[in-house]
Amino acid sequence: MSLQQGQLINYGLLAAFILHHIPEGMILMSLIPITKMKYRLFTIFCSTLSIVIGMNIFMGMNMRWDSIKWNTVMMGMTIGTLGYVTFYELLWKKSKNLPKGKVALIVLLGMIVIHYFVRFFPSHH
């Protein structure tokens with residue numbers, strides 16, 4: 001998150017971050033009975049993950065690096081990672097066994113949802 005110029009939080013980014021973790025939690029919870037993982041071990045993993053994410057958010061909100069170069073490098077790494085996961089891991093590798101029309105429809109629907117999400121949660125002030 002960029003906290004430069006008095007912007008305390010980007011609500012669209014925060015909403016996307018929270019909404020992103022709902023399906024992740026559902027997937028993790030559904031895997032417990034399948035893998036027969038011990039609940040205590042799962043609780044330790046979830047607690048550790050929560051603490052690490054919380055520390056990262058805290059550091060991101062309190063460390064002020066006003067360098068435009070640093071923000072540009074970090075944003076580039078973020079976009080590159082998201083692009084790799086989206087295009088290669090999800091669309092390319094996972095869609096090989098699906099009909100191409102179905103993949104195109106899912107991608108189109110995703111683009112429409114993103115368009116309206118950005119429209120309803122603008123990130124500029």
Side-chain angles (χ1 to χ4, degrees):
M1 292 192 293
S2 176
L3 301 175
Q4 292 183 6
Q5 300 174 358
Q7 180 182 351
L8 293 178
I9 198 160
N10 182 336
Y11 290 106
L13 180 63
L14 181 62
F17 186 73
I18 291 170
L19 289 174
H20 167 78
H21 286 287
I22 292 172
E24 275 185 0
M26 291 170 55
I27 291 169
L28 285 174
M29 293 302 287
S30 67
L31 289 177
I32 291 175
I34 295 170
T35 60
K36 298 183 179 17
M37 179 186 260
K38 303 282 187 211
Y39 289 107
R40 185 174 178 167
L41 183 63
F42 177 76
T43 305
I44 291 171
F45 284 157
C46 287
S47 299
T48 304
L49 183 62
S50 298
I51 290 169
V52 169
I53 289 174
M55 286 175 24
N56 283 328
I57 291 171
F58 179 78
M59 287 181 357
M61 292 178 74
N62 290 315
M63 290 175 56
R64 294 188 181 248
W65 294 13
D66 293 335
S67 169
I68 191 74
K69 293 178 183 178
W70 175 253
N71 286 337
T72 303
V73 167
M74 295 306 291
M75 187 63 72
M77 288 175 25
T78 303
I79 291 171
T81 303
L82 287 173
Y84 170 78
V85 169
T86 301
F87 291 109
Y88 183 70
E89 294 290 335
L90 295 176
L91 294 177
W92 180 256
K93 285 173 69 174
K94 301 299 180 191
S95 67
K96 286 184 178 181
N97 299 331
L98 296 173
K100 300 305 175 205
K102 188 174 186 178
V103 173
L105 178 64
I106 292 171
V107 169
L108 181 64
L109 287 174
M111 290 170 65
I112 291 170
V113 167
I114 289 170
H115 170 75
Y116 284 108
F117 181 81
V118 170
R119 182 172 272 195
F120 290 128
F121 295 105
S123 61
H124 62 283
H125 296 281

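Side-chain atoms of Met111 and His115, non-hydrogen and from C-beta on, never get closer than 4.5 Å to each other.
Residues Ile44 and Val52 are members of separate hydrophobic clusters, defined by side-chain heavy-atom contacts under 4.5 angstrom among Ile, Leu, Val, Met, Phe, Trp and Tyr. Val103 and Leu105 sit in two unconnected hydrophobic clusters of ILVMFWY residues. Membership requires side-chain heavy atoms under 4.5 Å apart, directly or through other members.
Atom NZ of Lys100 is surrounded by more than 12 heavy atoms from other residues, nucleotides or ligands within 6.0 Å.
Here the CG atom belonging to Leu82 is positioned 10.5 Å from the CZ atom belonging to Phe87, to the nearest 0.5 angstrom.
Annotation for Val113: hydrophobic cluster partners, listed by chain and number, are none (ILVMFWY side-chain heavy atoms under 4.5 Å, direct or chained).
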